[in-house]
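Only one structure is covered here, and it is reproduced in the block below.
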Amino acid sequence: MSDILINVDHVSFAYEEESREAVRDVCLQVPKGAFHAILGQNGSGKSTLAKLMNGLYLPTKGSVHVCGMDTQDEKNTWEIRRRAGMVFQNPDNQLVATVVEEDVAFGLENIGVPTEEMPDRIRKALSDVGMLPFANRAPHTLSGGQKQRVAIAGVLAMQPEAIIFDESTAMLDPRGRKEVMEAVKQLNQEQGITVLWITHFMEEAVHCDRVHIMHDGQIVLSGTPRDVFADPDRIRAYRLDAPPMARLAQGLRAAGMPIREGVLTVDEMAEEVRRLCK
Ligand code: ADP
Ligand code: MG
């Protein structure tokens, strides 16, 4: 089979009570091992699309395949959810047990992993997100970033191929956001876990392979971060702001400084400033 892990093919979806479609004719392919981001303002359809991708919702039109399995076919549902795990916005709604390691065990019990296999899986998952030292702590004593990393460990223990993050850093402080982002980048780079990162923080999207902009239920723009953010005015049309460094570059260029095109990160901006000072 192909190396496309998530294949969304001309998918539309309407909530029962709504005549308007929340997702309209969306096509999206996420290759194995990729790190894609979906950006879009509130209400643009990101969460609906995410739920279509792991079978929580079924398309009204079109089809979704995960690892070659059609989400429409009920016998695939549990295997799809195991292979493409989801991490949501609020860590407090995702942690159910009173001790961290029990929380990670919870999902394993649900999918019938043999008891003797559990301790190794739990330790590895917690270690992968840097939370092993907290295995015996109560989740409510942890910071937001730590809780979210425990939620990720719960998904990791199921040995998924992909993880879909739906605004998983939205409720965290900048430090928590950074620590979760770093952990996820590492999972992608070192273990080849496919990542779909849904966010409204532009600066989080600059490190992805590919960015998809959602607007009013549709994907209106896709490309590398450099392509998508090259012209900050273009995405303003979708009521989104380019990442801070792209805006700064634009402002400096307008003031006559020859900052090169395509600057997206703080490091790249520092490099440009150093070059110009020489
Ligand atoms: P986003 O995640 O980008 O904020 P959503 O996918 O949550 O967007 O919402 C897309 C559209 O679908 C919005 O117009 C929203 O009001 C509507 N919607 C979301 N959830 C429901 C629901 N459970 N019932 C009816 N309409 C919904
Ligand atoms: Mg949402």
Side-chain angles (χ1 to χ4, degrees), residues 6-30 35-66 71-72 77 80-81 84-95 144-145 147-148 151-152 154-155 162-173 176-177 180-181 184 194-206 208 210-223 225 228-229 234-243:
I6 300 175
N7 190 1
V8 176
D9 188 27
H10 292 286
V11 164
S12 298
F13 177 84
Y15 288 95
E16 262 171 41
E17 61 274 28
E18 302 284 328
S19 51
R20 235 184 115 65
E21 288 170 331
V23 165
R24 289 189 289 138
D25 197 28
V26 164
C27 291
L28 174 68
Q29 296 191 321
V30 185
F35 195 134
H36 282 203
I38 295 183
L39 297 171
Q41 62 167 153
N42 240 339
S44 57
K46 304 181 298 297
S47 293
T48 308
L49 182 60
K51 288 171 184 160
L52 284 159
M53 284 192 232
N54 83 343
L56 282 170
Y57 297 153
L58 297 176
T60 346
K61 288 183 216 131
S63 67
V64 178
H65 286 81
V66 177
T71 60
Q72 201 91 46
T77 304
I80 285 173
R81 288 189 198 158
M86 261 184 97
V87 176
F88 297 94
Q89 190 176 89
N90 188 344
D92 291 323
N93 297 342
Q94 297 172 84
L95 305 184
K147 284 184 201 170
Q148 218 36 324
I152 296 170
V155 172
I163 308 183
I164 300 162
F165 295 88
D166 189 3
E167 307 230 26
S168 305
T169 57
M171 301 183 77
L172 306 180
D173 59 17
R177 287 217 311 266
V180 168
M181 190 71 194
V184 172
T194 306
V195 173
L196 190 69
W197 185 262
I198 299 173
T199 186
H200 64 257
F201 294 113
M202 299 300 131
E203 67 271 26
E204 291 181 348
V206 302
C208 298
R210 217 173 156 75
V211 174
H212 309 276
I213 305 279
M214 263 194 108
H215 182 70
D216 199 12
Q218 295 184 296
I219 290 185
V220 289
L221 187 59
S222 291
V228 167
F229 299 128
R234 189 159 163 217
I235 61 166
R236 252 174 226 139
Y238 308 118
R239 281 185 259 159
L240 293 172
D241 258 331

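In listed order, ligands and their atoms are each counted from 1.
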Nearest heavy atoms of P225 and V211, plus distance in Å:
CG-CG2, 3.9 Å

Look at ligand 1 and say whether G40 reaches it with a heavy atom at a distance under 4.0 Å.
no

Heavy-atom closest contact (V206 atom, P243 atom, distance):
CG1-CG, 3.5 Å

Sub-4.0 Å heavy-atom approach of K51 to ligand 1:
no

For ligand 1 and K46, I'd like to know whether there is a polar contact (N/O to N/O, distance under 3.5 Å).
yes

In terms of side-chain geometry, is the basic nitrogen of D216 or R24 positioned less than 4.0 Å from the acidic oxygen of its partner?
yes

Need the ligand 1 atom indices (1-based, order shown) with element for anything under 4.0 Å from a heavy-atom of Q41.
3 (O)

With a cut-off of 2.8 Å, strictly less than, protein N/O/S atoms near the Mg ion (ligand 2) add up to 1

If you look at every heavy atom in V155 and M86, which pair is closest and at what distance?
CG2-O, 3.7 Å

Among protein heavy atoms, which sits nearest to atom 23 (N) of ligand 1, and what does the distance come to when rounded to 0.1 Å?
Y15 CE2, 3.6 Å

Top protein contact for atom 8 (O) of ligand 1, by heavy-atom distance:
G45 N, 3.1 Å

Would you sort out whether Y15 and T48 count as a side chain to side chain donor-acceptor pair (under 3.5 Å), showing the intermediate values?
CA-CA 9 Å; Y15 288 95; T48 308; 2.8 Å; yes

Under 6.0 Å from the ring centre and within 45 degrees of the ring axis: does the NZ or CZ of R210 meet both conditions for the six-membered ring of F35?
no

If you count heavy atoms of other groups shown closer than 6.0 angstrom to CZ of R239, is the number above 12?
no

Looking at atom 7 (O) of ligand 1, what's its closest protein heavy atom, distance included?
S47 CB, 3.8 Å

Is it true that D92 and K147 make a salt bridge, defined as a side-chain N closer than 4.0 Å to a carboxylate O?
yes

CA sep, side-chain torsions, deciding dist, call: E167, H200, side chain to side chain donor-acceptor pair (under 3.5 Å):
CA-CA 7 Å; E167 307 230 26; H200 64 257; 2.6 Å; yes

Return yes when at least one protein heavy atom is under 4.0 Å from atom 16 (O) of ligand 1, and no when none is.
no

Checking side chain to side chain contact (heavy atoms under 4.5 Å, CB included) against L39, which of V228, T199, L221, I198 comes through?
T199

Of all the non-hydrogen atoms in the protein, which one sits nearest to atom 9 (O) of ligand 1, and at what distance?
T48 OG1, 3.9 Å

Could you label the plane-to-plane angle of the F13 and Y57 rings as parallel, tilted or perpendicular, counting under 30° as parallel and over 60° as perpendicular?
parallel

Between R20 and ligand 1, which residue portion shows a heavy-atom distance shorter than 4.0 Å: side chain, backbone, both, or neither?
neither

Heavy-atom contacts with N42 under 4.0 Å: which atoms of ligand 1 show up? List them by number with element.
4 (O)

Minimum heavy-atom distance between S168 and Q148, given as atom pair plus value
O-NE2, 2.9 Å

Using a strict 4.0 Å cut-off to heavy atoms of A22, name the atoms of ligand 1 that fall inside it.
11 (C), 12 (O)

Short N/O distance, under 3.5 Å, between G43 and ligand 1?
yes

